[in-house]
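All figures in this text were calculated on a predicted structure; none of them were measured in a lab. Just so we're on the same page: letters track the sequence lines, and every chain starts at 1.
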2 protein chains.
Amino acid sequence: MADRKTAQPTMDDVAARAGVSQMTVSRVMSGKGYISEKVRDRVHAAALEIGYVQNRLARGLRSEETPLVAVVLPTLGNTVFTEVLSGITDALTAQSFRPVFGLTEYSEEREYELVRDLLSWRPSGILLAGLEHSAATRRAIASSRVRVAEIMDIDGAPISTAFGFSQISAGQVTAKHMLAKGHRKFVYVGSQGGSDLRAGKRLEGFRQTLREAGAALMSEVVSQQPSSMIEGRRMTAEILSRSDRPDAIYYSNDDLAAGGIMHCFAQGVSIPDDIAMAGFNGLPYLDALPIKLTTIKSPRYEIGRQAGQFLAMPAKKDGKTTPQLIDLGFELSVGQTC
Amino acid sequence: MADRKTAQPTMDDVAARAGVSQMTVSRVMSGKGYISEKVRDRVHAAALEIGYVQNRLARGLRSEETPLVAVVLPTLGNTVFTEVLSGITDALTAQSFRPVFGLTEYSEEREYELVRDLLSWRPSGILLAGLEHSAATRRAIASSRVRVAEIMDIDGAPISTAFGFSQISAGQVTAKHMLAKGHRKFVYVGSQGGSDLRAGKRLEGFRQTLREAGAALMSEVVSQQPSSMIEGRRMTAEILSRSDRPDAIYYSNDDLAAGGIMHCFAQGVSIPDDIAMAGFNGLPYLDALPIKLTTIKSPRYEIGRQAGQFLAMPAKKDGKTTPQLIDLGFELSVGQTC
DNA sequence: TTGAAAGCGCTAACAC
DNA sequence: GTGTTAGCGCTTTCAA
């Protein structure tokens, strides 16, 4: 066993070298059970000498528990999710858990495939974005009995525990603020062809508040492209070139809004006099822009961190926790654009 | 076996239901060996009915081969690495491989710990940033015989295969361009306290070219913070408030440079007349800024994609490939700032 | 405080 | 085409 040229050293090899049984090596490595210091040191020395690396596949197979968390996100092209992923990774790493992950590109079908595949690693937890998942996805997750966290959204029914804030309410708050500033003629600017369901909920809240105030959107401009500053700039230019100009634009996120700001700066359009703007996210780089954008600050990193922490909990047979929505809130950040 | 309440269904369960042997189920699932269509359909149906999910821990343990790739990156706070990670993920996903990953925050020690830990999953490949790694890291990787890809840098000796471009040359090209534009008084602006080794190499190339032209840096302003637009804006403001102003600033990356542009716009400083600028990366959002930044476009996504593809190759006992540097090049993008 | 035996769920190797 | 046997490297369980 020790001499297969092609194989990694195993506990048997360490045991042989240290003159103990394989089981003793296991105890030393996992730090469980009573071991004399003498033996412990001998084992550690032997392991180091032959370059032993534990095999987690074998460990996980036997103990039915892995320090692995499946992370399923829509995209990495949006700063929001990279910040969330940072939070997740930090929290998991602190508990010696690792994320294994995949991207859905906002497709429910891809999500299902990923979930199925990731489940085959018997992760102790799985993290999904949003509350909307196909029936097949829900079924696969339910029968696997992994711990589940859903993030970003709390407007709906979670599978188990959701960490986020109300997207609908974020839209409402923005609308209220813009109305209070005296704006009446609104245009909405979005991206991704509307496949971002959270953006859709914000728009829904925005529209609803407008309606209650007797106002309405003049139009919705939604690009098929992923969200980006340049797309925001392009759409803003298009809107401002119309004969019937709005007096305010609601962007589905900050990148698009920043593009709008850039257009106005380049063209000498005055904000908010000629056109008012509001975005969403509260990205750090906004502070560096020449004019401060009115936006909603969302606790992205914190959402990731808390969800990660939740998923990396020690496996204390947590019997059927009741579904829970954890509201991490958001904050209207009033800038100079509205 | 089939009735342990707490366990996932296994191939034995599927086999019992389909009235075949467990081995036949294995063959159907892995798509290897001859199976009659009748049996195949029965097995698939049975698997679906009881919600069977294969156990990759068991499979990997037995077959000594996992569709897992360890990805070790410095940070997700830099768009560069999120784009690289997108490329990696896309390439891996296309081959049904999954990334399992961790962040070093630019620490060699954290890198070592991560590498050790990730190796315990017996991944078929590992991906690292840069060419500089501790001796311990190199040793751990060598004795594990996983496939290795290093990314971003080719100025040095790779463990196996490196995908990137010459950072030193990027610095040189930038310096040459700025000199040609007639600038002589340079300041360098960096971040991260200099822990980004690739940025250091660019600076080295920049300095060297300056020296050959009889010029030199007036000073280097390096923030301890991570790179960001706001830090770039802050440092630029500081530099331009000095009595002895430079006529050009070389930023270690685009985020810092964009911050510089924002400062100048807000303060009415004229670019490039009052101050010239050059950055590095060629981030997409630059196109949306009111003035086009002179920078170096690096093939970040492509680097990730190619490295991912390399690591997800079918395991054809690739005997000791000689170390190789794959130069994916870069491109000077001349804008209006220099 | 240590060891021996059994077996987690799967696939390689061979039989039929 | 399909089944049988053995065993991957570890932890659980029980014994000493």
How close or far is atom [atom2] of [N] from atom [atom1] of [X], stated in whole angstroms?
{"X": "Trp121(B)", "N": "dC8(D)", "atom1": "CH2", "atom2": "P", "result": "20 Å"}
{"X": "Arg40(A)", "N": "dT1(C)", "atom1": "CZ", "atom2": "P", "result": "10 Å"}
{"X": "Arg122(B)", "N": "dC10(D)", "atom1": "CZ", "atom2": "C1'", "result": "11 Å"}
{"X": "Glu64(A)", "N": "dT12(D)", "atom1": "CD", "atom2": "P", "result": "10 Å"}
{"X": "Leu61(A)", "N": "dA6(C)", "atom1": "CG", "atom2": "P", "result": "18 Å"}
{"X": "Asp12(A)", "N": "dG7(D)", "atom1": "CG", "atom2": "C1'", "result": "12 Å"}
{"X": "Arg59(A)", "N": "dC8(D)", "atom1": "CZ", "atom2": "C1'", "result": "17 Å"}
{"X": "Leu57(A)", "N": "dC8(D)", "atom1": "CG", "atom2": "C1'", "result": "10 Å"}

Check against side chain to side chain contact (heavy atoms under 4.5 Å, CB included), Val115(A) and His133(A)
CA-CA 11 Å; Val115(A) 165; His133(A) 317 286; over 6 Å; no
Side-chain donor-acceptor contact under 3.5 Å, [X] with [Y]:
{"X": "Thr89(A)", "Y": "Ser86(A)", "answer": "no"}
{"X": "Thr24(B)", "Y": "Ser21(B)", "answer": "yes"}
{"X": "Thr104(A)", "Y": "Ser107(A)", "answer": "no"}

Consider the side chain of Met11(B), meaning its heavy atoms from C-beta on, and name the nucleotide among dC10(C), dC8(C), dA12(C) that approaches it most closely.
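From the listed options, dC10(C) comes nearest.
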Assess whether side-chain hydrogen bond (donor to acceptor under 3.5 Å, both in side chains) is satisfied between Arg56(B) and Ser120(A), documenting all intermediate values.
CA-CA 5 Å; Arg56(B) 284 209 192 258; Ser120(A) 73; 3.1 Å; yes
Do Glu302(A) side-chain atoms and Leu328(A) backbone N/O form a donor-acceptor pair below 3.5 Å?
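No; judged by distance alone, with no hydrogens or angles, the pair does not exist.
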Terminal helix-axis angle for the helix from dT1(C)-dA16(D) to dC16(C)-dG1(D), with five pairs defining each axis and rounding to 10 degrees:
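Overall, the helix from dT1(C)-dA16(D) to dC16(C)-dG1(D) bends by 30° from one end axis to the other.
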Looking at side-chain heavy atoms only, is the closest gap between Tyr106(B) and Thr75(B) below 4.5 Å?
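Heavy-atom side-chain distance check passes, below 4.5 Å.
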Between the base of dG9(D) and the side chain of Arg62(A), is one N or O donor paired with an acceptor at under 3.5 angstrom?
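Per atom types, no contact qualifies.
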Closest non-hydrogen atom pair between Tyr52(A) and Pro9(A), with its separation
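Shortest heavy-atom contact: CD1-O, 3.4 Å.
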Tell me which residues in residues 20-37 of chain A lie within less than 4.0 Å of DNA chain D, going by non-hydrogen atoms.
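Output list: Gln22(A), Met23(A), Ser26(A), Arg27(A).
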Could you check whether atom CD of Glu105(B) has more than 12 heavy atoms from other residues, nucleotides or ligands sitting under 6.0 Å from it?
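Yes, the 6.0 Å shell around CD holds more than 12 heavy atoms from other groups.
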